[in-house]
Number of protein chains: 2
Amino acid sequence: MCEDLQMAPRDSAGKTLADYPRPSVAVDTAVLTVRDGRLCVVLVEDGRRLPGTFLHEGETLADAVDRALLTKAGLRGEHPTQLHVFDDPGRDERGWVLSVAHLVAVPALRLEELPAGVVLTRVTGVGTLDFDHNQILDLAVERLRADYRYRPDPGALLDEPFTLRELQHLHEGVAGQRLMRDTFRRRMEPQLVATGDYHRGSVGMPARTFVRPRDEIRAER
Amino acid sequence: MCEDLQMAPRDSAGKTLADYPRPSVAVDTAVLTVRDGRLCVVLVEDGRRLPGTFLHEGETLADAVDRALLTKAGLRGEHPTQLHVFDDPGRDERGWVLSVAHLVAVPALRLEELPAGVVLTRVTGVGTLDFDHNQILDLAVERLRADYRYRPDPGALLDEPFTLRELQHLHEGVAGQRLMRDTFRRRMEPQLVATGDYHRGSVGMPARTFVRPRDEIRAER
DNA sequence: CAAATAGTGTCTTTTAGACACTATTCG
DNA sequence: CGAATAGTGTCTAAAAGACACTATTTG
């Protein structure tokens with residue numbers, strides 16, 4: 001044990017890492033989706049907070065996010081995007097806790113059945129959340145909107161293949177406003193790969209279907 | 001002491017925060033400037049790494065950055081922008097260390113005299129740095145370029161008042177390429193406040209001088 | 001006056017917005 | 001056929017790129 005200390009690397013003050021107090025590090029994640037044309041977020045603890053957990057030793061932040069989503073919301077295989085570290089020393093009354101905010105986009109179909117206490121809420125109808133989770137949510141929404149502004153479906157929210165109409169409906173949900181059909185088509189069509197197949201709706205001319213280009217998957221930054 | 005444990009808030013597993021191992025959290029900062037028309041970065045340890053330090057208890061990340069810049073590079077009163085958390089469990093051989101990368105822009109005039117071991121190096125000439133500091137530097141450069149793309153001087157790198165020529169020269173340094181005079185002027189002039197005064201260079205027509213609009217300061221995101 | 005820099009005008013190309021028209025399908 | 005949706009063309013307005021011309025100063 002004494003040897004351990006002797007061997008441990010020392011910094012410029014001659015101290016080892018163990019000599020400094022360390023913060024707890026949490027990850028909190030805004031899981032966003034578009035359901036019925038509205039942007040929604042997964043909340044736990046009966047709608048009071050975002051799913052989160054403490055970072056474990058030897059684990060990456062992304063792994064901690066995945067673990068939190070699996071244990072708290074029953075979701076697996078997501079691809080979190082890191083947003084920001086919230087570091088106000090008084091943000092958590094339990095002690096010194098940093099929170100690394102994350103964003104995950106999940107197709108609404110995968111959020112049909114949620115564990116008890118977990119709810120899917122429209123982002124416009126979210127009340128006051130615990131800690132600084134309202135701030136995290138705002139940041140996540142802003143980021144998702146920025147990601148969708150110029151790309152078809154960086155979060156892979158749509159099942160392939162999809163029509164331009166379905167894609168535009170998704171975008172309108174994310175943006176929270178109507179979009180112009182002509183401009184939308186001009187912007188998105190060059191970034192999509194046509195399947196050659198058609199989708200037949202209830203009425204109207206059949207629509208071409210598309211898939212995401214192979215290199216666009218997970219370019220969510 | 002037993003009471004302490006009794007009183008401490010517990011999580012869903014009935015454990016207190018103290019029961020979990022915690023990582024050390026460092027801040028590492030790319031201090032960027034434009035000197036002689038070239039984008040440069042402040043390196044410590046004889047050019048091997050970015051200035052950084054460990055986060056202290058009760059301190060914000062921004063405060064830790066300021067402390068690191070003061071003690072390692074003699075800089076004070078900066079406004080760090082948070083970039084990203086680097087969390088590879090093996091990134092620091094000393095142990096479990098997360099690094100929160102930051103960006104700070106500093107006018108070249110304030111970097112004329114640096115402590116021993118601290119150097120100002122062109123970003124194009126930076127070799128292999130310790131840890132993942134090359135990644136942090138790349139991210140910082142990318143971010144500074146994005147910040148300057150559509151705004152006159154979000155990092156307050158220029159002394160006021162300045163001419164459009166001086167501003168364009170700064171932008172060319174940040175971007176690492178020449179810019180078109182007409183387009184640059186059209187983009188920037190509406191975002192500047194004319195002083196009404198003129199700057200007289202060695203030859204040529206006197207140039208109008210400008211200051212940043214009051215609300216642009218520290219809009220670096 | 002020549003060189004250098006600042007300021008302005010304008011032509012073209014590109015892009016975005018707005019709208020109209022045609023095409024195909026279902027009930 | 002009529003309503004609904006898809007696909008396409010085109011006019012206009014705004015922005016960006018490219019270039020030219022005028023204005024003012026120093027040496």
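All chains are named by letter (A, B, ...) in the order of the sequence lines, taking the proteins before the strands, and each is independently numbered beginning at 1.
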Atom CE of M188(A) and atom P of dG7(D) are separated, to the nearest Å, by 16 Å
Taking only residues two or more places apart in sequence, or in another chain, which ones meet D66(B) in a side-chain hydrogen bond (donor to acceptor under 3.5 Å, both in side chains)? none
Per-nucleotide protein contact string for nucleotides 22-27 of chain D (B base, S sugar-phosphate only, - none; heavy atom under 4.0 Å): -BBBS-
Nucleotide of dA18(C), dA6(C), dG17(D) approaching M180(B) most closely (side-chain heavy atoms): dG17(D)
Less than 4.5 Å apart, side chain to side chain, heavy atoms only: is that true for Y148(B) and P154(B)? yes
Heavy atoms from C-beta onward define the side chain here; which of dT5(D), dG7(D), dG17(C) lies closest to that of R181(A)? dG7(D)
Among pairs that include at least one residue of residues 109-132 of chain B, which meet ring pair (Phe, Tyr, Trp, His ring centres under 6.0 Å), considering only residues two or more places apart or in two chains? F131(B)-H133(B)
Verify the contact: side-chain N or O of T183(B) to OP1 or OP2 of dG17(D), cut-off strictly under 4.0 Å; return yes or no. yes
Name every donor-acceptor pair, under 3.5 Å, that has one atom in a side chain of residues 110-123 of chain B and the other anywhere in the protein, sequence neighbours excluded.
residue : atom : partner : partner atom : Å
R110(B) : NH1  : E78(B)  : OE2          : 3.4
R110(B) : NH2  : R76(B)  : O            : 3.0
R110(B) : NH2  : E78(B)  : OE2          : 2.4

Would you kindly give the CD-to-P distance between E189(A) and dA6(D), to the nearest whole Å? 13 Å
In whole angstroms, how far is the P atom of dT25(C) from the NE2 atom of H199(A)? 14 Å
So, using side-chain hydrogen bond (donor to acceptor under 3.5 Å, both in side chains) as the criterion, who are the partners of T163(A) when residues are at least two apart? none
Considering every strand and a 4.0 Å limit on heavy-atom distances, what is the contact class for R208(A): base, sugar-phosphate, or nothing? sugar-phosphate
For residues 176-211 of chain A, which residue pairs pass the ring pair (Phe, Tyr, Trp, His ring centres under 6.0 Å) check, not counting sequence neighbours? H171(A)-F184(A)
My understanding is that only residues two or more places apart in sequence, or in another chain, count here; which of them pass side-chain hydrogen bond (donor to acceptor under 3.5 Å, both in side chains) with S99(B)? D28(B)
Could you run down the sub-3.5 Å N/O contacts of the protein with nucleotides 9-13 of chain C?
none

5' priority, DNA chain C, between Y150(A) and F210(B) [closest heavy atom]: F210(B)
Applying salt bridge (Lys or Arg N to Asp or Glu O under 4.0 Å), name anything that partners D63(A), two or more places apart in sequence or on another chain. none
Distance in angstrom units between R185(B) CZ and dT5(C) C1', rounded: 10 Å
Could you give the CD-to-P distance, from Q177(B) to dG17(D), as a whole number of Å? 11 Å
For the side chain of E59(B) and the backbone of H56(B), is there at least one donor-acceptor N/O pair under 3.5 Å apart? yes
